[in-house]
Amino acid sequence: MTPESGPILWPIIYVRGFAFSVGERDATAADPYCGFNVGSTVYRATADKERAKSFFFESPLVRLASEHGYQVVYRDGLEIVDPEWTSGAEGEKRAEEGIDLASIVIHRFYDAGSNLRGSGKSSSIGDYAKELGILIATARELVRPKAMKAIAGYTDDQFKCYLVAHSMGGLIVRALLQDSGNDVAEIEFSGRRRKVLPVRGCVAKVFTYATPHNGIEFAGLNVPEFLSDISTFNRDNMQAYLEKAPINGKVNYLPADVRPPPSHWFTMVGTNRLDYDAVAGLSRTFVGRGSDGLVRIDNATLWYQDTVSDPAKPKDMPVACAYAYRAHSGPFGIVNSEEAYQCLRRFLFGNFRVDLWLDIHGASLPQDVLDQELLGRKVDAVYQVELVAAPRGKSWALSRRKAEEDSPACRTYQQIKNNAADPIHLSTVFLMNSAKVDPHRPGLSYAVTLGIKAPDYEVERAFWRDGHYEGVSLFRDSLIVTIFDPKAHSQEIEAPTSDWLVRYSWMKRQNNARIAPTERSYEKTFTVSEITKPFAVEVPLYTNDMNDGAISATLRMEARAWS
């Protein structure tokens, strides 16, 4: 598949999050879309709690329908796993007709745990995962009639689906995909048991919103096991249903053989704890800063171990991720947000993937602090790295990390000095041709606003006040990047070319007349074969304009064609 072509619109299966009480499970059972239909009219553009900005977002379900032609699958008041769907004369017609490839299916796992349709008692993550497997297998059966018409030579082993999950729903997805015991071998279809192919290999992509992949912590401690259903998020319990031993003391690592591979997972991370009002605000109080009110930022990410370069020394690598100033749920929640929806649609249907890294090479100290270090005193500092990544012409960002929102990436002076500062994975950006403001403008363009705040220097653990100015940045600028395909940029140069072109420039340097024109902007070319695998564009942070005490670093953009 080429970057110009889009992927097949396979079914999207939505898996909702945790319900704290029987009443919430009842409300979920009474909602046809289990919350995926909830929109929002407000946007917390800043950390200001007094006033919200008006911003209408219709809901992920409406937008997927209006922008990508997806259909919600309910017929004659039935859902697809209901035995009546394929029973009797009407059922035979429904089964023969099938469902569209571009269908949205809801995993209604809480129905049996409600008083409306079940016992009122919740089940285990493993049970929910097995039910998800049955749902996927049923969708595959029902997609077959229309898939055979749309795809030449279609067979069941070609079927794919996308899983989109909020909060605990992401753990249900992992429990299915990481534990072979939760796969299904047969389902009930058209009134009889039918053997089916395994379903775990059917999943093409996984997108999670605010999932506690490494559990939930209260006051920095692993949530206690005695807290009834909440013990689901205890890391010791998670090891059992995820079939995964901890790595580095954490359970947010995907197995090496997981399908889909780690490259096709995405974690959307919320950073606004202040607008999460669950349990009268007690949740955000106990979970604390650096969270969405329920899940800590670090616990909402996923990792895997890369053994390609050196099997004896696995390298910790993150899956694709982005950050939004959104709460775990509610009017300012992450699911009903424009930012998360735009990340979702670009991840599912985009044309390019760009991972943004910051490689830190060294750091220097202000002279007065350096003098203290030369006297043998212990000096340290925390460098806070901020990032906003946004496409051209939009009023929202695809990823947002701010110090005042407790979401910057951090490294210490001692880590940098001792060469122990690992590269920082800042965010992942997906770009989509069909989402451009001007479809006739060549190239896919985005901006990366990068800031490194001047740290609070410490000498022998005491704040060094002399020379400190709060809010000052060591570096802050916006890099404008445009990726041109050969057809687009060959019109701008004398000779046609088959190469892809990447152009980039720092805005402040671009507008600085003192900078030589040759140093204001840059470009690199790549062949078609090179863009099918990750290729890197490295942009050094210019240091000559930095204040006393500087940091040497490179913004590294690893890009690839996406499908």
Side-chain angles (χ1 to χ4, degrees), residues 11-22 24-36 79-82 104-140 161-188 196 198-200 202-203 206-213 215-216 223 225 227-244 251-252 254 258 265 294-295 302 329 335:
I12 293 174
I13 297 177
Y14 177 72
V15 190
R16 71 149 285 146
F18 180 65
F20 282 92
S21 64
V22 176
E24 288 189 13
R25 292 198 289 273
D26 288 347
T28 299
D31 183 346
Y33 310 116
C34 294
F36 200 40
E79 59 171 330
I80 64 173
V81 291
D82 193 314
I104 296 176
V105 183
I106 310 297
H107 181 24
R108 305 189 58 85
F109 64 90
Y110 265 141
D111 285 8
S114 70
N115 285 319
L116 297 178
R117 299 188 58 193
S119 65
K121 296 180 180 180
S122 59
S123 297
S124 68
I125 294 287
D127 288 339
Y128 296 148
K130 291 174 183 176
E131 292 168 8
L132 175 59
I134 293 171
L135 182 62
I136 294 172
T138 304
R140 180 173 55 194
C161 65
Y162 306 130
L163 301 185
V164 179
H166 175 228
S167 192
M168 187 185 78
L171 300 181
I172 294 173
V173 169
R174 288 181 63 193
L176 170 65
L177 299 178
Q178 293 183 208
D179 184 355
S180 59
N182 289 328
D183 211 331
V184 296
E186 60 179 24
I187 61 171
E188 184 174 334
V196 295
V199 301
R200 295 195 304 155
C202 294
V203 180
V206 177
F207 185 100
T208 68
Y209 302 91
T211 291
H213 289 294
I216 288 178
V223 63
E225 293 189 62
L227 288 179
S228 186
D229 287 351
I230 300 179
S231 65
T232 295
F233 309 110
N234 175 281
R235 279 187 285 272
D236 294 331
N237 292 338
M238 292 173 66
Q239 291 179 45
Y241 63 74
L242 294 177
E243 286 286 301
K244 179 65 178 175
V251 291
N252 58 337
L254 294 174
V258 70
W265 292 63
L294 181 63
V295 182
L302 268 174
S329 61
V335 174

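All heavy atoms count here, side chains included; hydrogens, waters and symmetry mates do not.
For G181 against K130, the heavy-atom pair with the smallest separation is O-CE, 3.8 Å. C202 approaches I136 most closely through the heavy-atom pair CB-CG2, 4.2 Å. P212 and V295 get closest at one heavy-atom pair: CA-CG1, 3.7 Å. The nearest pair of heavy atoms linking R25 to G120 is NH2-O, 2.9 Å. The minimum heavy-atom distance linking D111 with E79 is given by the pair OD2-OE2, 4.3 Å. Here the closest non-hydrogen pair linking H107 and I13 is CB-CG2, 4.5 Å.
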(message) Show, in sequence, the C-alpha distance, side-chain angles and deciding distance for I230 and I216, and conclude whether the side-chain contact (heavy atoms from CB on, under 4.5 Å) test is met.
(response) CA-CA 9 Å; I230 300 179; I216 288 178; 5.5 Å; no
Exercise. Does the pair V199 and R140 meet the rule for a side-chain contact (heavy atoms from CB on, under 4.5 Å), with working shown?
Worked result: CA-CA 9 Å; V199 301; R140 180 173 55 194; 3.8 Å; yes
* Test log, rule side-chain contact (heavy atoms from CB on, under 4.5 Å), inputs T208 and V173 -> CA-CA 9 Å; T208 68; V173 169; 5.9 Å; no
### Task
Carefully, step by step, assess R16 and Y33 under the rule side-chain contact (heavy atoms from CB on, under 4.5 Å).
CA-CA 9 Å; R16 71 149 285 146; Y33 310 116; over 6 Å; no
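Counting only distance, with no hydrogens or angles, the side chain of Y14 and the backbone of F36 share no donor-acceptor pair below 3.5 Å. Checked by atom type and distance alone, the side chain of R108 pairs as donor or acceptor with a backbone atom of P32 at under 3.5 Å. Here the side chain of Y128 pairs a donor or acceptor atom with the backbone of S123 at under 3.5 angstrom. Counting only distance, with no hydrogens or angles, the side chain of N182 and the backbone of A175 share a donor-acceptor pair below 3.5 Å. At distances below 3.5 Å, at least one donor-acceptor pair connects side-chain atoms of R174 with backbone N or O atoms of H213. A side-chain donor-acceptor contact under 3.5 Å links S114 to the backbone of R117.
By the side chain to side chain contact (heavy atoms under 4.5 Å, CB included) test, E186 is found to be paired with R193, K195, residues two or more places apart in sequence or in another chain being considered.
Atoms CG and CG, on L176 and L171 in that order, are 13.0 Å from each other to the nearest 0.5 Å. The structure places CD of E188 at 10.0 Å from CG of D82, a figure rounded to the nearest 0.5 Å. If you take CE on M238 and CG on N252, they are separated by 8.0 Å, rounding to the nearest 0.5 Å. In this structure, the separation between CG on L163 and CD1 on I12 is 10.0 Å, given to the nearest 0.5 Å. Between T211 atom OG1 and H166 atom NE2 the span is 7.5 Å, to the nearest 0.5 Å. Rounding to the nearest 0.5 angstrom, the gap separating the CD1 atom in I104 from the OH atom in Y162 is 13.0 Å.
The shortest distance between side-chain heavy atoms of L294 and F233 does not fall below 4.5 Å. Two residues are said to be in side-chain contact when any heavy atoms from C-beta on lie closer than 4.5 Å; I80 and L135 meet this criterion. Considering only heavy atoms from C-beta on, V251 comes within 4.5 Å of Q239 through its side chain. At least one side-chain heavy atom of C161 sits under 4.5 Å from a side-chain heavy atom of V203. Considering only heavy atoms from C-beta on, L132 stays 4.5 Å or farther from F109 through its side chain.
Applying side chain to side chain contact (heavy atoms under 4.5 Å, CB included) to I125 and the options N237, D179, T232 leaves one that passes, T232.
With hydrogens and angles left out, the side-chain atoms of S124 and D127 include a donor and acceptor closer than 3.5 Å.
Ring-plane geometry between F20 and F18 is classed as perpendicular, the angle between the planes exceeding 60 degrees on a 0 to 90 degree scale with a lower cut at 30.
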